[in-house]
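What follows is a set of notes on a single structure, which appears directly below.
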Amino acid sequence: MLDLKRIRENEAQVREGLARRGLSTEVIDAVLERDRERRRLLSETEGLKSRRNRTSEEVGALRKRGADTSAIQAEVRALGERIAALDDRVREIRAGLDALLLGIPNVPHASVPTGGGAARNVVLREVGARRAFDFEPRTHVEIGERLGILDLARATRMSGAGFPLFVGAGARLQRALLNFMLDLHVREHGYTEVWPPVLCNSAAMTGTGQLPKLAEDMYRLAADDLYLIPTAEVPVTNIYREEIIARPLPVCLTAYSACFRREAGAAGRETRGIIRVHQFDKVEMVKFVAPESSYDELEKLLDNAEDVLRRLGLAYRVVALCSGDISFAAAKCYDVELWAPGQRDWLEVSSCSNFEDFQARRAGIRYRDAGGKVRFVHTLNGSGVALPRLVVAILENGQQADGSVVLPEAVVPYMGGVSRIEVPV
RNA sequence: GGAGGGAUGGCUGAGCGGACGAAAGCGCCGGUCUUGAAAACCGGAGUGCCUUCGGGCACCGUGGGUUCGAAUCCCACUCCCUCCGCCA
């Protein structure tokens with residue numbers, strides 16, 4: 001959520017931010033108009049309340065002396081009625097204002113390239129050589145089914161399309177990769193591991209910005225005001241909701257979680273295989289940092305995500321998203337994409353974002369600066385990394401002519417020494 | 001799921017409907033003393049909003065209600081604790 005004062009005082013900057021996202025700035029007019037009305041009514045109401053408080057105290061004093069207070073009591077009662085009416089009106093305006101503010105996206109950082117659509121994203125670097133094949137590389141679906149480690153048909157029978165079932169070495173690979181990534185972030189990148197709930201309430205979802213805009217994309221348990229999380233970002237960021245963080249910043253947390261996405265509106269896109277699924281597993285990194293350092297911390301976060309791929313020896317590239325492509329809550333965002341030879345395409349496996357104080361303001365996450373002043377933290381997060389597309393890349397890059405798959409060395413210890421998944425006889 | 005108890009500032013914990021934005025202790029910050037520290041003593045300190053910058057308003061789990069006036073009384077909800085039942 002944007003600071004109302006910021007909209008008031010830096011109107012042009014906010015309008016430019018919306019425009020860079022390709023959005024209308026009409027909402028700003030509505031916000032400013034309601035804000036003016038709200039402040040006008042507040043002054044009036046508070047003046048009346050001040051009068052009521054003083055007069056009411058008088059009643060007490062007069063009573064003590066045994067004086068008749070019926071006239072003055074009637075006066076206060078009348079004041080109370082006026083106040084109640086005004087309060088209702090203020091509440092109404094405030095609710096409307098909040099609804100507007102919750103629907104306004106973050107202002108893109110100055111360093112974000114301007115433009116809309118993937119074509120305007122900027123490829124910053126490509127790391128690692130793409131493997132050359134002396135045979136026609138197969139897709140992960142072909143590889144996985146032949147190896148008997150991926151059973152999409154049976155998964156569809158129990159849950160529908162988009163719910164992968166991993167078997168044998170495939171299941172083991174999931175567990176191995178998760179442990180490999182968590183160990184890396186905890187032991188070498190300085191993160192504290194957490195294991196969060198995968199159902200969160202609407203307040204938490206609003207805090208990180210999934211609500212109100214992305215309601216259609218989430219699985220919801222209507223009877224309980226609970227949603228299945230689309231990413232561990234939600235529970236992990238909300239750990240400090242409505243708190244003044246007492247620990248020294250930065251606070252760096254990492255978590256594995258299952259993630260659930262309805263992918264409404266994505267029907268027909270990337271439906272083959274496990275590139276876009278309704279349930280998947282992911283290791284997430286989340287940081288709570290002082291505002292001065294958030295852009296340095298974003299670079300570190302990005303490097304932590306890249307480190308996963310470097311150690312697995314996979315070819316990847318880093319993309320700076322343009323202003324029309326960054327997510328609702330983000331001020332700046334880098335995507336990390338893996339090369340998948342069976343797809344002949346780059347697959348997004350991580351999105352590293354700085355939200356500045358956008359989420360912190362919604363979720364009420366604050367800290368005390370050196371001077372003891374209470375301020376909103378900056379929050380960041382990034383995948384480190386998402387599993388299904390990582391598995392796609394490992395299978396498609398590691399495939400051999402005979403159908404077997406050679407695994408990256410770094411996961412072999414986590415696979416109980418297995419370095420190659422063989423075709424069953 | 002059943003029965004009872006509870007929710008107050010960073011923590012512990014007081015609070016006859018007007019004195020309470022709130023005692024006290026701990027912790028924290030500043031000062032005195034000290035070579036330095038500890039102890040002792042003195043002082044300071046909640047959050048948000050509005051403002052004509054004098055000040056004002058709101059906040060004691062959340063939302064309603066009673067009253068001239070609510071941390072305090074009433075109702076509902078949420079969460080926590082104890083006991084019983086059930087369960088991995």
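Note: CD (A:Glu58) to P (B:A19) measures 15 Å, nearest angstrom. We find that OH of A:Tyr240 is positioned 15 Å from C1' of B:G10, with the value rounded to whole Å. When the P atom of B:C29 is taken as reference, atom CG of A:Asp369 falls 15 Å away, rounded to whole Å. Summarising the geometry, the separation between CD on A:Glu242 and P on B:G9 is reported as 14 Å, rounded to the nearest angstrom.
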**Asked** Quick one: what's the B/S/- string for nucleotides 71-77 of chain B, heavy-atom cutoff under 4.0 Å, read 5' to 3'?
**Response** -------

**Per-nucleotide protein contact string for nucleotides 51-69 of chain B, where B marks a base within reach and S marks sugar-phosphate only (heavy atoms under 4.0 Å, - for neither)** = S----BBS---------BS

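Residue contacts for A:Arg94: at a heavy-atom cut-off of 4.0 Å it reaches no nucleic acid atom on any strand shown.
Between A:Arg368 and B:A45, a side-chain N or O to OP1/OP2 separation shorter than 4.0 Å is absent. Not one side-chain nitrogen or oxygen of A:Arg366 sits closer than 4.0 Å to the OP1 or OP2 atom of B:U47.
Remark: B:G61 base-pairs with B:C77; criterion is Watson-Crick or G-U wobble with both hydrogen-bond distances under 3.5 Å. Using the Watson-Crick or G-U wobble rule with both distances under 3.5 Å, B:C49 pairs with B:G56. Remark: B:G36 base-pairs with no nucleotide in the shown strands. Criterion, Watson-Crick or G-U wobble with two distances under 3.5 Å. Across all strands shown, the partner of B:G18 is B:C68, judged by Watson-Crick or G-U wobble contacts whose two distances both fall under 3.5 Å. Within the shown strands, B:G25 is the pairing partner of B:C11 under the Watson-Crick or G-U definition, both distances less than 3.5 Å. Summarising the base pairing, B:C86 is matched to no nucleotide, lacking a Watson-Crick or G-U wobble pair whose two defining distances lie under 3.5 Å.
Evaluation of the ring pair (Phe, Tyr, Trp, His ring centres under 6.0 Å) rule for A:Tyr191 yields A:His185 as partners, not counting sequence neighbours. With sequence neighbours excluded, no residue forms a side-chain hydrogen bond (donor to acceptor under 3.5 Å, both in side chains) with A:Arg157. For the ring pair (Phe, Tyr, Trp, His ring centres under 6.0 Å) test, residues two or more places apart in sequence or in another chain that qualify with A:Phe288 are A:Tyr240. Residues that satisfy the side-chain hydrogen bond (donor to acceptor under 3.5 Å, both in side chains) test with A:Asp183, not counting sequence neighbours, are A:Tyr414.
Considering CZ of A:Arg389 and NZ of A:Lys282, their distance stands at 11.0 Å, rounded to 0.5 Å.
Counted by atom type alone, A:Glu233 and A:Thr208 present zero donor-acceptor pairs between their side chains at under 3.5 Å.
Under the 90° criterion around 0 for the glycosidic angle, B:G31 counts as anti.
When each of A:Val308, A:Leu309, A:Asp307 is tested with A:Arg311 by the rule side-chain contact (heavy atoms from CB on, under 4.5 Å), just one qualifies, namely A:Asp307.
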**Message:** Under the criterion side-chain hydrogen bond (donor to acceptor under 3.5 Å, both in side chains), I'd like the reasoning laid out for A:Tyr256 against A:Glu193: C-alpha separation, chi angles, the key distance, then a yes or no.
**Reply:** CA-CA 8 Å; A:Tyr256 152 72; A:Glu193 184 173 357; over 6 Å; no

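Classified by interplanar angle (parallel below 30°, tilted 30° to 60°, perpendicular above 60°), the ring pair A:Tyr219/A:His278 is perpendicular.
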